[in-house]
Amino acid sequence: MTASLQLAPLQAADIAEIAAAFASLGWNKPASQYERYLHEQAQGERAVIVARLAGAFAGYLTIIWASTYPPFRAAGIPEIVDFNVLPHLRRQGIGTALMDAAEAQIATRSVLIGIGVGLFADYGAAQRLYMQRGYIPDGRGISWQDQPVAPMAPVVADDSLVLYFTKAVSRG
């Protein structure tokens, strides 16, 4: 990772650049999503960490303090969600720096961190990263739209088909 990497909370001035970066990839991540994130950040519901490399947007992740995944919500486990590093900037330590910052922030409030990961190949890098960082499956099997998938149930292999993981951290 280079010294020109900076991490900071989401600001209103970041929104247009972030939305444009994902639009150029053909991803549906409109400015309205980040405007909502900014509002939720101001309300204390979500934390958003933005990474900039040499001043240009490189990636981000968010922390939701009250997870939508029922087991995490019931246990008060904050969840890292919507973690993205621009594809051409991956494998340069940006994702690791974002995860380090998120884990440190969560550790001030919880002894457990939750995270979910999609099950198809597009999530392969994230699957490997989470395992390397010590995340383990929560033991509840796969979920679709935050609900458990019953044996033999048909599901859609979309971004909502997820395996959830947790990691214990020392409370800071």
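Since we're looking at a predicted model, the values are computed, not measured. Atom set for the values below is all heavy atoms of this structure, side chains included, hydrogens, waters and symmetry mates excluded.
Aromatic rings of Tyr123 and Tyr130 (six-membered ring for Trp) have centroids beyond the 6.0 Å cut-off, not under it.
Contact between Val117 and Ala126 at its shortest, heavy atoms only, is CG2-CB, 3.9 Å. For the pair Leu7 and Ala97, the tightest heavy-atom approach, listed with the atom from each and the gap, is CD1-O, 3.5 Å. Nearest heavy-atom pair across Ala19 and Ala31 is CB-N, 3.6 Å. Scanning all heavy atoms of the two residues, the minimum distance from Gly118 to Gln127 falls at O-NE2, 2.8 Å. Annotation for Thr68 and Asp146: closest pair OG1-OD2, 2.6 Å, computed over non-hydrogen atoms. The minimum heavy-atom distance between Glu103 and Tyr135, with the atom names listed, is OE2-OH, 2.8 Å.
Taking CD1 of Ile115 as the reference point, atom CD1 of Ile77 lies at 13.0 Å (rounded to 0.5 Å). Once rounded to the nearest 0.5 Å, the distance linking CD of Glu17 with CD of Gln11 reads 13.0 Å. Between the CD atom of Glu79 and the CD1 atom of Ile113 there is a distance of 11.5 Å, given to the nearest 0.5 Å. Ile49 contributes atom CD1, which lies 5.0 Å from atom CD of Gln105 (distance to the nearest 0.5 angstrom). We find the CZ-CG distance between Arg140 and Leu163 to be 11.5 Å, quoted to the nearest 0.5 Å.
Here the side chains of Val48 and Glu40 are not in contact, with every heavy-atom distance at 4.5 Å or above. Contact check for Asp159 versus Phe120: side-chain heavy atoms found under the 4.5 Å cut-off. Looking only at side-chain heavy atoms (C-beta outward), Pro70 and Gln147 come within less than 4.5 Å of each other.
The aromatic rings of Phe22 and Trp27 sit parallel to each other, their planes meeting at less than 30°, with 60° as the upper class boundary.
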### Query
Checking side chain to side chain contact (heavy atoms under 4.5 Å, CB included) for the pair Leu10/Ile18: CA distance, chi angles, key distance, verdict?
CA-CA 10 Å; Leu10 177 67; Ile18 294 171; 3.8 Å; yes
### Task
Begin with the C-alpha distance, continue with both residues' side-chain angles, and end with the deciding distance and a verdict on side chain to side chain contact (heavy atoms under 4.5 Å, CB included) for Lys167 and Met99.
CA-CA 12 Å; Lys167 178 180 178 179; Met99 289 291 289; over 6 Å; no
### Query
Going through the distances and angles, do Asp14 and Phe57 end up as a side chain to side chain contact (heavy atoms under 4.5 Å, CB included)?
CA-CA 8 Å; Asp14 298 325; Phe57 171 72; over 6 Å; no
### Task
Take Asp82 and Lys29 through the side chain to side chain contact (heavy atoms under 4.5 Å, CB included) test and state the conclusion after the steps.
CA-CA 11 Å; Asp82 198 13; Lys29 291 183 165 288; 2.7 Å; yes
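Cluster annotation: Ile64 and Val111 are assigned to distinct hydrophobic clusters (Ile/Leu/Val/Met/Phe/Trp/Tyr, side-chain heavy-atom contacts under 4.5 Å, transitive). A single hydrophobic cluster is not seen to contain both Val81 and Ile63; linkage of ILVMFWY side chains at heavy-atom distances under 4.5 Å, directly or through other members, places them apart. Under a hydrophobic clustering in which Ile, Leu, Val, Met, Phe, Trp and Tyr are joined whenever their side-chain heavy atoms come within less than 4.5 Å, directly or via other members, Leu119 and Val155 fall into the same cluster. There is no path of hydrophobic side-chain contacts, each under 4.5 Å, that joins Ile136 to Leu112.
A side-chain contact (heavy atoms from CB on, under 4.5 Å) with Val85 is found for one member of Leu61, Leu129, Leu98 and no other, namely Leu98.
Enclosure of atom CZ in Arg128 is not indicated, since only 12 or fewer non-hydrogen atoms of other residues, nucleotides or ligands lie within 6.0 angstrom.
For residues 35-56, the pairs satisfying ring pair (Phe, Tyr, Trp, His ring centres under 6.0 Å) are Tyr34-Tyr37, with sequence neighbours left out.
Under the rule for a ring pair (Phe, Tyr, Trp, His ring centres under 6.0 Å), the partners of Tyr69 that lie at least two apart in sequence or sit in another chain are Phe72, Tyr164.
In this structure, Arg73 contributes its side chain and Ala66 its backbone to a donor-acceptor pair below 3.5 Å.
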